[in-house]
Amino acid sequence: MPDAVSPNGIRHALVLGGGGAVGIFWMVGLAAGLRAAGIDLALADRFVGTSAGAVVGAMLAGGAELPSLDNRPRPDTTQAQPNLDAFTEIMTLAATPGLSRAEVIQRIGARALELQVGDPADHIARISDLAGVSDWPDADLIVTALDTTTGELQTWTRTGAASLPEALGSSTAVPGVFPPVPVGGHHYIDGGLRSPINADLAAGAELIVIIEPLAHLFPHSPSDSELGGATTLSIIPDADAITAFGSDLFNIAALVPAYEAGVRQASEAALRLKAVWPTR
């Protein structure tokens, strides 16, 4: 008799969290190392990607070729010049007491628009080039962003108004670092401001694997525990990976070390996933 499938048809979900440029490279290295060990994360029934995780989720769901140790990702494709003063100001707004989360996001979005940190089209193009895919995959991919007009979560899918490059651009639009991305008359910013992982979007799966580059920096949101009784397995950076990341999540010099740390951690992660992850 075949195993029972969850009511929504999702057995294995993959949740990929935010992490800046170093998080992207660490997750890509981890995925490449896992694939070399016989564990293919692209076999998930649902992908939930937030910020950096949206980029890696699009790569996996879209069948993009993962770089190998001999063909590492190009560091220059994620080059950014963060305005640390602007980012600090945004984080201060995020801690404003007495406001609802929607009101906080609206304030952050309004300030991010005023800062004029670049052309959204340039950011969209850079992120799309990094992901290596430009069309929505047939796979079940959810990309998270926040609507600066309403302050609410926006979940982009292949049936939504955003192209995949627009969705990835909006999910990675860290306020104060990258510009809010316009889609359909609204502007959107980084989905990580709601939660670093937005794991509740995978609720109903039997198994949820959560890959979380910034677990050492940001706590989960209450919604991340609303998983419908799913079994969860988390993969987070170890101490050596955190050292490789450094304090600047967009530091070009840290990208290859972050990738190599991900490849190294894949050996231990593969042992944990071997008995529970699907095979072809």
Side-chain angles (χ1 to χ4, degrees), residues 8 10 13-20 23-24 46-59 61-62 90 93-94 99-115 117-118 120-121 123-128 131 133-137 139-204 210 214 218 220-224 226-227:
N8 60 9
I10 301 171
L14 180 65
V15 172
L16 299 156
I24 292 175
R46 170 170 290 178
F47 302 83
V48 177
T50 294
S51 198
V55 176
V56 180
M59 294 175 69
I90 292 293
L93 286 175
L99 298 178
S100 68
R101 182 165 59 190
E103 290 171 328
V104 169
I105 297 304
Q106 288 170 324
R107 288 196 177 192
I108 289 174
R111 183 61 183 131
L113 284 167
E114 293 172 349
L115 288 171
V117 292
H123 176 60
I124 291 169
R126 178 172 55 244
I127 293 299
S128 179
V133 288
S134 58
D135 296 320
W136 281 101
D140 183 357
L141 170 65
I142 299 174
V143 173
T144 67
L146 294 170
D147 186 332
T148 64
T149 301
T150 66
E152 298 297 331
L153 172 69
Q154 172 66 52
T155 54
W156 300 119
T157 67
R158 62 178 179 269
T159 61
S163 67
L164 181 60
E166 289 173 334
L168 298 181
S170 68
S171 190
T172 57
V174 181
V177 179
F178 300 116
V181 169
V183 179
H186 287 211
H187 285 82
Y188 297 89
I189 55 176
D190 194 329
L193 290 171
R194 175 185 184 258
S195 159
I197 53 176
N198 290 296
D200 56 312
L201 299 177
I210 302 172
L214 300 185
F218 297 111
H220 291 173
S221 296
S223 59
D224 290 323
E226 300 170 2
L227 303 179

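The closest donor-acceptor contact from the side chain of Q154 to the backbone of A145 lies at 3.5 Å or more, if one exists at all. A donor-acceptor contact shorter than 3.5 Å links the side chain of S100 to the backbone of E103.
Side-chain atoms of V55 and I127, non-hydrogen and from C-beta on, do get closer than 4.5 Å to each other. Using a 4.5 Å heavy-atom threshold, the side chains of P120 and P182 count as touching. In this structure the side chain of L201 reaches within 4.5 angstrom of the side chain of T144, judged on heavy atoms.
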Just list the side-chain donor-acceptor pairs under 3.5 Å for residues 162-169, sequence neighbours left out, or say none.
residue, atom, partner, partner atom, Å
S163, OG, E166, N, 3.2
S163, OG, E166, OE1, 3.4
E166, OE1, S163, N, 3.0

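No more than 12 heavy atoms of other residues, nucleotides or ligands shown are found within 6.0 angstrom of CZ on R107.
Looking only at atom types and distance, the side chain of T172 has a donor-acceptor partner in the side chain of H123 under 3.5 Å away. Side-chain N/O atoms of W156 and S170 include a donor and acceptor closer than 3.5 Å. T157 and T159 share a side-chain donor-acceptor pair at under 3.5 Å.
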Audit row: T50, L16, side-chain contact (heavy atoms from CB on, under 4.5 Å) steps and yes/no:
CA-CA 6 Å; T50 294; L16 299 156; over 6 Å; no
Might you work through the side-chain contact (heavy atoms from CB on, under 4.5 Å) test for R126 and F178, ending with a clear yes or no?
CA-CA 11 Å; R126 178 172 55 244; F178 300 116; 3.2 Å; yes
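The line from OG1 of T148 to CG of L113 is 5.5 Å long, rounded to the nearest 0.5 Å. For the atom pair CG of L14 and CG of L141, the computed distance is 10.5 Å after rounding to the nearest 0.5 Å. In this structure, CG on L146 lies 5.5 Å from CD1 on I189, to the nearest 0.5 angstrom. Rounding to the nearest 0.5 angstrom, the gap separating the CG atom in D140 from the CZ atom in R158 is 6.5 Å. Within the model, atoms OH of Y188 and CG of D147 stand 4.0 Å from one another, a figure rounded to the nearest 0.5 Å. Atom OG in S51 sits 13.5 Å away from atom CD1 in I197 (nearest 0.5 Å).
Nearest heavy-atom pair across A203 and E226 is CB-O, 3.5 Å. Taking all atoms of both residues into account, the shortest heavy-atom contact from R46 to A202 is CD-CA, 4.4 Å. Nearest approach of A52 to G19, heavy atoms of both residues: CB-N, 3.5 Å. Taking every heavy atom of both residues into account, S171 and D190 meet most closely at O-OD1, 3.1 Å. Minimum interatomic distance between A199 and I210 (heavy atoms only, all atoms of both residues): CB-CD1, 4.2 Å. Taking all atoms of both residues into account, the shortest heavy-atom contact from P175 to L193 is CG-CD1, 3.7 Å.
For D200, the salt bridge (charged side-chain N to carboxylate O under 4.0 Å, His left out) partners at least two apart in sequence or on another chain are R194.
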